[in-house]
Amino acid sequence: MKLWDKGFSTDKKIDLFTVGNDRELDLVLAKYDVQGSLAHARMLHKIGLLSDAEIGDVERELSRITSLIASGEFVIEDTFEDVHSKVEFLLTEKLGDTGKKIHTARSRNDQVLVDVHLYLREELKEIRNMMLDFFDLLLDLAEANKEVLLPGYTHLQVAMPSSFGMWFSAYAESLIDDMYLLNAAYRVADQNPLGSAAGYGSSFPIDRDHTTSSLGFGALKINSVAAQMSRGKTERTVAFAMSSLAGTLSKFAMDICMYMSQNFGFVSFPDELTTGSSIMPHKKNPDVFELIRGKCNKIQALPYELTLIINNLPSGYHRDLQLLKEGLIPGIQTMKSCLEMFTFSLKTIRINSNITDQKIYDYLFTVEEVNRLVQEGTPFRDAYKIVGGKVMEGSFMPDKKVMHTHVGSIGNLGLDRIRSKMDKANADHN
């Protein structure tokens, strides 16, 4: 069944090529298609195109379809082109002519638009909540380990003292930047495109403000052409937000992979969170974090993929847009799985609290010594040369006490301020 069926059949090869894996992806969108159909039907009833009896029948059948979807019994057989045609078929099968009226004043274009917008809103909310859980864990770990020194590096060379508190809270604050972008993506998705039809509106006296309110959208995408042009732009905006978050997780995962190696030995995890080697019995590999790194790098490629699909398309609908779902929907699920696994694993991290006792980290404290001399009255450049000379002749003896007081330093992490900053970012979304 095709919504555009005019009494002739297309070649089977054409069907296979044009439909692709849309049926599988549309199963993810099925519940949102029903939500959109329900809001649209109620609007048709409001303007007199469905009677009281008809809207009652439609509501009842859409509720039944919702139950099928929730139970996993809803399927899109290969006799149907997409979720829209299957839902309309089920309505028509039960309600006859009433079911045929559901497509009045809309097109598959605005159907898939509203499905995707509803889907993205819900997924972005879920990602946001997972980010907040991860953020809370990071700040808890920062507070618990704020006194434990950690070597800081520049150019992958030993540089200055850091701390596990600083490391954990650095990634916590990075999540705030990602939250800003996620909030922006949500605002883009939180606009109702329903009623734009094929992109040029309808001669029916539809009430688009009614469907906007019914579906809980924050705003209406007013211009019908602009609504159509949001296809692709919305997905790409969400992909950019996810890419930012993926970049944070990927960098963090790389730190952990490096810090777990015997050459560093800064952190470890219980055996059940690592994997082994088929020939090397000593191995405990950080596969979880390596996969998070790789998966997040794939997500960072997603905005470019979507850009290449939509770039230079003129206004109006084009079948290229169908391909957006192939990268976006799996990408969202991957993003959530990476957040879930990172949070799950990090709860069991084990910290090496005696790292800087090793002589190889003595030079972490050269800057501390320079600063001590300056505070005692030695000009900075002279102090620098004095300490540098001791390093060259091998006589430098570090004082491993650090006396940092400014906000954002080892001695004053500003965790409460970081938490307040995230609270504000979260409030801006709400």
Side-chain angles (χ1 to χ4, degrees), residues 3 29-50 55 58-59 62 66 83-84 87-88 101-128 180-241 306 310 313-318 321-322 324-325 328 332 427-430:
L3 296 182
L29 301 177
K31 73 172 184 177
Y32 307 103
D33 196 71
V34 173
Q35 291 173 15
S37 293
L38 180 59
H40 183 71
R42 287 171 173 166
M43 183 274 297
L44 293 178
H45 171 250
K46 177 178 181 289
I47 65 173
L49 292 178
L50 287 179
I55 187 60
V58 169
E59 287 176 338
L62 287 176
T66 298
V83 64
H84 323 300
V87 170
E88 185 171 322
K101 293 182 178 182
I102 194 69
H103 203 60
T104 303
R106 68 176 180 174
S107 164
R108 280 200 306 174
N109 295 335
D110 62 343
Q111 275 186 267
V112 71
L113 271 167
V114 77
D115 291 1
V116 170
H117 279 244
L118 291 170
Y119 165 73
L120 291 177
R121 281 198 323 176
E122 188 164 311
E123 294 293 343
L124 288 171
K125 286 179 183 177
E126 189 169 348
I127 291 172
R128 178 171 59 92
Y180 292 149
L181 290 177
L182 202 76
N183 289 345
Y186 185 90
R187 291 189 67 178
V188 171
D190 192 27
Q191 301 177 86
N192 179 28
L194 188 58
S196 57
Y200 301 97
S202 171
S203 57
F204 290 102
I206 59 175
D207 186 341
R208 298 186 65 208
D209 290 322
H210 184 276
T211 56
T212 299
S213 176
S214 179
L215 290 168
F217 279 108
L220 171 67
K221 197 71 173 180
I222 299 166
N223 184 291
S224 293
V225 175
Q228 178 56 58
M229 289 195 299
S230 74
R231 182 102 184 261
K233 186 175 184 180
T234 302
E235 290 91 332
R236 183 176 60 181
T237 301
V238 170
F240 272 118
L306 301 186
I310 66 174
L313 290 181
S315 60
Y317 174 76
H318 309 277
L321 299 173
Q322 175 182 312
L324 297 169
K325 290 184 284 187
L328 182 69
I332 286 173
D428 288 345
H429 166 80
N430 296 326

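Nearest approach of Ala198 to Ser107, heavy atoms of both residues: N-CB, 3.5 Å. Shown here for Val225 and Ser315, the closest heavy-atom pair between the two residues is CG1-CB, 4.3 Å. Nearest heavy-atom pair across Lys221 and Arg208 is O-NH2, 2.9 Å.
Residue Leu313 places its CG atom among more than 12 non-hydrogen atoms of other residues, nucleotides or ligands, all under 6.0 Å distant.
Judged by distance alone, the side chain of Thr66 and the main-chain N or O of Leu62 form a donor-acceptor pair under 3.5 Å. Using a distance-only test at 3.5 Å, with no hydrogens or angles considered, no donor-acceptor pair links the side chain of Asp110 to the main chain of Pro193.
Qualifying side-chain hydrogen bond (donor to acceptor under 3.5 Å, both in side chains) partners for Gln35, counting only residues two or more places apart in sequence or in other chains: none. Residues passing the side-chain hydrogen bond (donor to acceptor under 3.5 Å, both in side chains) test with Thr234: none are found, sequence neighbours excluded. Here Ala184 pairs with nothing under the side-chain contact (heavy atoms from CB on, under 4.5 Å) rule; sequence neighbours left out. Ala239 meets the side-chain contact (heavy atoms from CB on, under 4.5 Å) test with Leu302, Pro303, Leu306; sequence neighbours excluded. Not a single ring-ring contact (aromatic ring centres under 6.0 Å, His included) links Tyr317 to another residue, sequence neighbours left out.
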Enumerate donor-acceptor pairs with a distance under 3.5 Å from any side-chain N or O in residues 39-47 to protein atoms, sequence neighbours excluded.
residue	atom	partner	partner atom	Å
His40	NE2	Thr104	O	2.6
Arg42	NE	Glu59	OE2	2.8
Arg42	NH2	Glu59	OE2	3.4
His45	NE2	Asp52	OD1	2.5
Lys46	NZ	Asp207	OD2	2.7

Would you mind writing out the side-chain donor-acceptor pairs for residues 226-233 within the sub-3.5 Å range, not counting sequence neighbours?
residue	atom	partner	partner atom	Å
Ser230	OG	Ala227	O	2.6
Arg231	NH2	Leu321	O	3.4

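Judged as a ring-ring contact (aromatic ring centres under 6.0 Å, His included), not a single pair has a partner in residues 203-234 (not counting sequence neighbours). Applying the side-chain hydrogen bond (donor to acceptor under 3.5 Å, both in side chains) rule to pairs touching residues 185-200 yields Arg121-Asp190, Asn192-Thr211, Asn192-Thr212, sequence neighbours excluded.
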